[in-house]
Amino acid sequence: QYILNKTFFFNYPFYVDEGCFIPRPETEQLVEETIYRIDELFEGKQNLKIADVCCGSGCIGITLKKEIENCSVYMCELSADAVNITKKNAKLLDADVTVDCGDFITPILEKKLTFDVLLCNPPYIKNDEKLNEMVVDHEPNMALFGGVDGLDFYRIIFKHFDEIIVNKGFMGFEFGYDQKELLENLVKETFPNYKYEFLKDYNKLYRMLFIYKD
């Protein structure tokens, strides 16, 4: 994909280079499951507000803008290179989205933004985990590592869940194949009264989490 500067996501052609993470099939499934839930929970709602945090190439937010009627999409990302890639993809795919450069959810908190839906595929690999050289040598490390147990970014965003998500809204996340138990403990501890669900990917591994605000 880096050689061709192109990858396909939800059948849309996205520009990619070494300034962003190459989208994975699991992320496509996260978007697919999100669309199902939007159709079910927000049928007929006008101007649905969607956020894509750690947007990378922009594949999540731009795809949702293309697939969901009557929505506004806000995207943010720390890497200036990735922000430029997202803006390039938005232009290529004629997607009217807002893109900010900032540290994780800091732009959202500073602007006091709220959303019906927030998706995040944060860095979740443990700091000491050994990875394939193809990944480490070519894909941006800031998009990979998430602390000692890989859950640092989830802790931060969980802390601010209620000020970001409106009533009846939800957040959706991707996470590592071996992190369900730790992540579920964190969810139970942080959200004792909120509904949540873990979903398996096509390889029968738990890779997705949705948390709903009643």
Side-chain angles (χ1 to χ4, degrees), residues 8-14 23 26-77 82-83 85-102 104-122 153-154 156-175 187 190-191 193-199 201 207-214:
F8 283 88
F9 187 91
F10 243 75
N11 292 323
Y12 295 110
F14 280 84
E26 295 83 6
T27 308
E28 277 190 306
Q29 192 174 353
L30 176 67
V31 171
E32 182 179 12
E33 295 290 349
T34 298
I35 293 171
Y36 293 151
R37 282 151 183 78
I38 288 174
D39 288 345
E40 179 182 349
L41 298 173
F42 301 109
E43 184 179 5
K45 178 165 183 173
Q46 300 295 310
N47 193 27
L48 189 74
K49 294 181 179 179
I50 300 173
D52 174 10
V53 178
C54 303
C55 64
S57 65
C59 61
I60 292 176
I62 291 171
T63 299
L64 289 173
K65 180 64 179 178
K66 302 291 287 186
E67 294 288 321
I68 302 294
E69 294 183 2
N70 301 314
C71 76
S72 61
V73 174
Y74 173 88
M75 310 166 75
C76 57
E77 163 67 52
V83 166
I85 293 168
T86 290
K87 290 179 177 178
K88 182 171 186 171
N89 281 321
K91 185 175 182 180
L92 288 171
L93 293 167
D94 192 26
D96 182 13
V97 297
T98 300
V99 188
D100 265 347
C101 186
F104 196 40
I105 57 172
T106 299
I108 291 174
L109 299 176
E110 289 180 344
K111 296 180 179 182
K112 295 181 169 57
L113 302 177
T114 59
F115 301 96
D116 300 286
V117 177
L118 183 148
L119 288 190
C120 184
N121 181 17
F153 289 91
Y154 302 92
I156 295 169
I157 201 165
F158 285 4
K159 179 180 177 182
H160 297 281
F161 182 97
D162 282 328
E163 61 192 283
I164 295 174
I165 297 298
V166 302
N167 289 336
K168 308 300 182 184
F170 68 88
M171 283 188 181
F173 301 91
E174 187 176 321
F175 60 90
V187 172
T190 312
F191 307 109
N193 299 314
Y194 285 173
K195 177 186 173 185
Y196 66 89
E197 59 180 334
F198 285 88
L199 300 181
D201 64 11
R207 296 298 306 277
M208 292 162 282
L209 165 66
F210 289 94
I211 307 171
Y212 303 90
K213 186 172 182 179
D214 294 332

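Because the structure is predicted, anything quoted here is derived from the model rather than measured.
The distance from the CD1 atom of Ile62 to the CZ atom of Phe14 is 5.0 Å, given to the nearest 0.5 Å. To the nearest 0.5 Å, atom SG of residue Cys59 and atom CD of residue Glu28 are 8.5 Å apart. Going from atom CD1 of Ile211 over to atom CZ of Phe170 covers 11.5 Å, rounded to the nearest 0.5 Å. Note: Ile105 CD1 to Ile164 CD1 = 4.0 Å, rounded to the nearest 0.5 Å. Note that CG of Leu92 is 11.5 Å distant from CD1 of Ile85, once rounded to the nearest 0.5 Å. One distance of note links NZ of Lys45 with CD1 of Ile68; it measures 13.0 Å at 0.5 Å rounding.
The distance between the ring centers of Phe158 and Phe173 falls below 6.0 angstrom. If you look at Tyr196 and Phe191, their ring centroids are not closer than 6.0 Å.
At a threshold of 4.5 Å between non-hydrogen side-chain atoms, the residues Ile108 and Cys76 count as touching. Looking only at side-chain heavy atoms (C-beta outward), Val166 and Lys213 stay at 4.5 Å or farther from each other. Counting heavy atoms from C-beta outward, Leu109 and His160 have side chains that approach closer than 4.5 Å. When side chains are defined from C-beta on, Glu67 counts as touching Tyr12, because their heavy atoms get closer than 4.5 Å.
Formation of a donor-acceptor pair under 3.5 Å by the Thr114 side chain with backbone atoms of Glu163 is not found in this model. In this structure, the side chain of Asp116 engages the main chain of Lys49 through a donor-acceptor pair within 3.5 Å.
Residue Thr86 comes nearest to Ser57 through the heavy atom pair OG1-C, 3.4 Å, listed as atom of the first residue, atom of the second, then distance. Across every non-hydrogen atom of Cys120 and Cys54, the tightest pair is SG-SG, 4.1 Å. The heavy-atom pair separating Phe210 from Gly172 by the smallest distance is CD2-CA, 3.8 Å. Residues Gln29 and Asp201 approach most closely at OE1-CA, 3.1 Å, considering heavy atoms. Between Gly61 and Val73, the shortest heavy-atom distance links the atoms O-CG1, 3.7 Å. The shortest non-hydrogen separation linking Ile165 to Gly169 is CG2-C, 3.6 Å.
Tested against Phe175, the residues Phe153, Tyr154, Phe198 include a single ring-ring contact (aromatic ring centres under 6.0 Å, His included) partner, Phe198. When each of Asp52, Val99, Leu113 is checked for a side chain to side chain contact (heavy atoms under 4.5 Å, CB included) with Tyr74, only Leu113 meets the rule.
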Under 3.5 Å, which donor-acceptor pairs do the side chains of residues 30-42 form with other protein atoms, sequence neighbours left out?
from	atom 1	to	atom 2	distance (Å)
Glu32	OE1	Tyr202	OH	2.8
Glu32	OE2	Tyr36	OH	2.9
Glu33	OE1	Arg37	NH1	2.8
Thr34	OG1	Leu30	O	2.8
Arg37	NE	Glu197	OE2	2.9
Arg37	NE	Tyr212	OH	3.0
Arg37	NH1	Glu33	O	2.9
Arg37	NH2	Glu197	OE2	3.2

Practice task
Could you check Asp100 against Lys111 for side chain to side chain contact (heavy atoms under 4.5 Å, CB included), going step by step and ending with a plain yes or no?
Solution key: CA-CA 11 Å; Asp100 265 347; Lys111 296 180 179 182; 2.5 Å; yes
Practice task
Take Asp96 and Lys65 through the test salt bridge (charged side-chain N to carboxylate O under 4.0 Å, His left out) and record every step on the way to the result.
Solution key: CA-CA 8 Å; Asp96 182 13; Lys65 180 64 179 178; 5.3 Å; no
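Under 4.0 Å is where a charged nitrogen must lie from a carboxylate oxygen, and between Asp214 and Lys195 no such pair does.
Annotation: Lys66, atom NZ; neighbour count of heavy atoms from other residues, nucleotides and ligands within 6.0 Å is above 12. In the displayed structure, Asn47 atom CG is contacted under 6.0 Å by more than 12 heavy atoms of other residues, nucleotides or ligands.
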